[in-house]
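Chain identifiers are assigned alphabetically (A, B, ...) following the order of the sequence lines, protein sequences preceding nucleic acid strands; residue numbering begins at 1 within each chain.
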Amino acid sequence: MIGRLTMKETGIGETFGLGNRELRVEKVGWWQRLVELVSRNPLVFIFIFFIIFPFVVPYKALATQIIIWGLFALGYNVCLGYTGMLSFGHAAYFGIGAYTAGIVLIRLWQNIWFSLLCGLLMGGITAFILGYLCIKRRGIYFAMLTLAFAQLLYFVGFQWVDLTGGDNGLRNIPAVPLSIFGLSINIYTPLRFYFFVLVFVASSLLAINRILQSPFGHVLQAVRENDQRAKSCGYETSNVRWMAFVISGAISGLAGGLYALYLHFVGIESLYWTTSGQVVMMTLLGGMGSFIGPFIGAGVFLYIEDTLSVITPNWMIFLGPVFVLCVLFFPAGIWGTIKDLSTRRRK
Amino acid sequence: MGEILKTINLTKNFGGLSAVVDVNFVVKKGDLQSIIGPNGAGKSTFFKLITGELEPTRGQIIFFNKDITSLPQTAISHLGIAVSYQITNIFPMLTVFENVRVAVQSRKTTFNLWSKAISHKEFVEQTRHILEQINLSDFKDEIAANLSHGHQKRLEIGIALATQPKLLLLDEPTAGLSPMETRQTIELIKKIAQDLTIILVEHKMKVVMEVSDRITVLHYGKLLAQGTPDEIRNNEEVRRVYLGGVKI
C-alpha cells in the first residue's frame, strides 16, 4: 500500500462539501514502511545488516568492536530494558568474562570454544553470586550495590598481579587458531574475526529472543511493569529478577571473552566503573527494551569515539552533550525516537 | 457449610495506631461476605493481612484449616487467595490479553525459558474464557494503560480470577465507576459469586445490600456487627456510627 486514506471524523457532511481539506490522501513514506518492517522482524534485519556492515564502516575492526559492545549492551538490556533494573556494575561481568577467557587461553587450554564458554559461565556465576546480594534492594540502592561490588572486583583485579597482570593488564593472549570439525582455521584477519564474532552475536540474539518469548520472558515484563502485582499473582519476583540478572551477566561475560580475543589483551579498565557507565550510555542512546537499540547505541558511541579521538584525546567532551541532549529530548533513544516518529506521522 | 477463612483476634498496629483490633471473622464457603465501615476503619489493612502483604501484630489467620499467618504473599497466592485492588493495579504496558495470560500462567510455571509462551494452549484457552467472563474480549490486543477506568477495573478483577482462587478479595471494585459501569460490575460480581467465595469491601451501600449474603461492619479497627443485610440494616448501633442515623 502506497497511500493511506484518512478521514477526519468531524462532520462527514462538511467533509464532502470541503473536499480536500478534510479528506486527504496521506503518503506513507518509504522510511516509515521500512521502520515498521524492521520493528516487526528485528532479527531478520539485524542479520542482513550485520552481513553488509563490515563493508560500510571505515575499517573492519570497528565493525567488530561495535558488535561486541552491542552484544554487551544487549545483555545489559535484559536487565535494564526488559526487567527494569538499573545496574551500574556490569563492568564486573564483562571484565570477569574477559579475564577468564584470557587466563584460560594462557594457562589452561588453548581452545577458543572452551575459553569463551568459561567466560560466559564465569560471567553468569559472578552475576549469580553478586546478584543474590544486589536484588534484595531496589532502585538507587540496587544501582549503588552493583557499582560497589563491581569496584570491589576492580580492586581485586588490580591487586592480584600474578593472575591478572594488575595495572599492566593481561598480556600475550595467544592467537589460537579455531578448531572446528578437526580443521584448524586462522581467524585473525579483520574480516574473518568479524564473522567469527557475528556467529556468537547471532546465536545470543536468537537465544535471548527465544527467552523473551517464553513464559519466563513474559513474567520478566510483568515484573518490570508492576512488581507488586506480579507478586500477588504468586510470582517470586526477586527470584525472577535474579534469574534475569544471571542471564544478563552471562551474555556480558561472553561479550567480555570476545573482547579479550579481539584485543589479545585485557586491560584493567574493563573492570572499572567507566565500562559500566559506557554500556549504560550505549543502551540509553540506542533505546532500551528493543533488540536494535543497543546495537545502534554501541555503533553511534564507538563511531563518535573513533572519529573524534583522532582529533582530540578529550573526545568525551563532545559525547557528553550528545548524551545529555539525547536523554533530555529523546528519552526513548535513537531507535525508540525513529519508531515514534514513523508511527506518529501516520496518525 | 464449611468455613473457608477464619481470623482469630487479628490485630495490626502501626506504631501507636491500631488499624485492626482483635477481629474474629469467619467466611463460609460459597458466601459473598461484605466488609463495610467508615474511611480508616481498617478494611484495606485487613485485606493486606489476609493476602500476606502485611504481617499481623498478633492473632491468627486460618485458611482451609491451615494456619497461614505470616506466610509470604506468594505462598498465600498459591494456596488460592486472590485480590483485586482498590487502586487499579494492572500491568500497564502489556496488552489486555497478556495481563490475564501472565496471571493464568502463574499457577503452572515461572522459569520456563525455552518454549514459546503462546504455544501453551491451555493458558490461551483459559485466558480467552476469563476475557469473555469480564467482557473484555473485544479489547484483548489493546495496551492496558489505554483502557478506560471502568475497563481497567474489570481487567483488575480478571487478573485476580486468572489465578484460579478459592477465595477472592474485592477492594472497592466500583470505586470511580459511572452508574452504568457500576451496574455491569455488580452483574459480574453476582456471576462470579455463583461458584466462588468472595469478600467484598465497598462504599456504595446499594451495591453491598444487593450482592451480599452477610455483612461485617468495622469501626476504628474493631468489629462492630455481623449479620445478614437485613440484620445490619436494622442494627441501631451500625446506623448510629456508620449510616449516620439514616434508615436504608
Side-chain angles (χ1 to χ4, degrees), chain A residues 40 43 78 80-84 124 128 131 136 203-204 206-248 250-251 287-290 331-332 336 339-340 343 347, chain B residues 47-48 50-53 72-85 87-95 97-120 123 127 143-145 155-156 158-165 169 171:
Chain A
R40 215 175 276 161
L43 288 185
V78 172
L80 179 66
Y82 289 101
T83 324
F128 184 81
K136 290 184 182 293
S203 7
S204 308
L206 287 173
I208 290 182
N209 183 46
R210 184 90 201 216
I211 290 171
L212 287 176
Q213 288 184 1
S214 73
F216 175 72
H218 288 259
V219 179
L220 277 189
Q221 292 172 44
V223 169
R224 179 195 64 198
E225 287 299 310
N226 191 339
D227 185 88
Q228 204 260 326
R229 190 41 149 154
K231 221 186 245 166
S232 81
C233 284
Y235 289 115
E236 287 285 358
T237 55
S238 49
N239 286 351
V240 171
R241 287 201 304 267
W242 189 15
M243 186 69 172
F245 199 73
V246 172
I247 294 170
S248 177
I251 299 283
M288 51 182 183
S290 73
K339 240 165 58 175
D340 282 353
T343 46
K347 271 176 187 163
Chain B
F47 264 19
K48 284 185 178 157
I50 296 175
T51 59
E53 266 172 83
Q73 201 183 345
T74 47
I76 289 177
S77 162
H78 280 283
L79 285 174
I81 299 182
V83 62
S84 160
Y85 292 87
I87 297 156
T88 311
N89 202 348
I90 53 178
F91 304 110
M93 294 314 284
L94 304 184
T95 63
F97 187 83
E98 188 51 30
N99 263 273
V100 176
R101 206 204 55 78
V102 95
V104 168
Q105 180 197 309
S106 71
R107 297 301 102 176
K108 292 278 164 60
T109 168
T110 305
F111 291 106
N112 181 340
L113 278 79
W114 212 246
S115 65
K116 278 207 170 178
I118 43 169
S119 71
H120 291 255
F123 298 160
T127 306
I143 297 291
L155 179 58
E156 172 78 44
I159 295 175
L161 285 177
T163 60
Q164 299 171 302
L169 312 183
D171 198 351

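For a residue to count as touching a neighbouring chain, one of its non-hydrogen atoms must lie under 4.5 Å from one of that chain's; by this rule B:Ile90 touches chain A with the backbone only. Both the backbone and the side chain of B:Ala103 have a heavy atom closer than 4.5 Å to some heavy atom of chain A. Within the 4.5 angstrom heavy-atom criterion, no atom of B:Gln164 approaches chain A. For a residue to count as touching a neighbouring chain, one of its non-hydrogen atoms must lie under 4.5 Å from one of that chain's; by this rule B:Thr51 does not touch chain A. No part of A:Leu212 comes within reach of chain B, as not one of its non-hydrogen atoms sits under 4.5 angstrom from that chain.
Salt-bridge annotation for A:Glu236 and A:Arg241: absent, with no side-chain N of the basic residue lying under 4.0 Å from a carboxylate O of the acidic one.
Scanning for side-chain hydrogen bond (donor to acceptor under 3.5 Å, both in side chains) contacts around A:Gln228 gives B:Glu53, B:Tyr85, B:Asn89, with sequence neighbours left out. B:Ser77 pairs by the side-chain hydrogen bond (donor to acceptor under 3.5 Å, both in side chains) definition with B:Arg107, not counting sequence neighbours.
Considering all non-hydrogen atoms of both residues, B:Pro92 and B:Ile143 come closest at O-CG2, 3.3 Å. The shortest non-hydrogen separation linking B:Ala160 to B:Val83 is CB-O, 3.6 Å.
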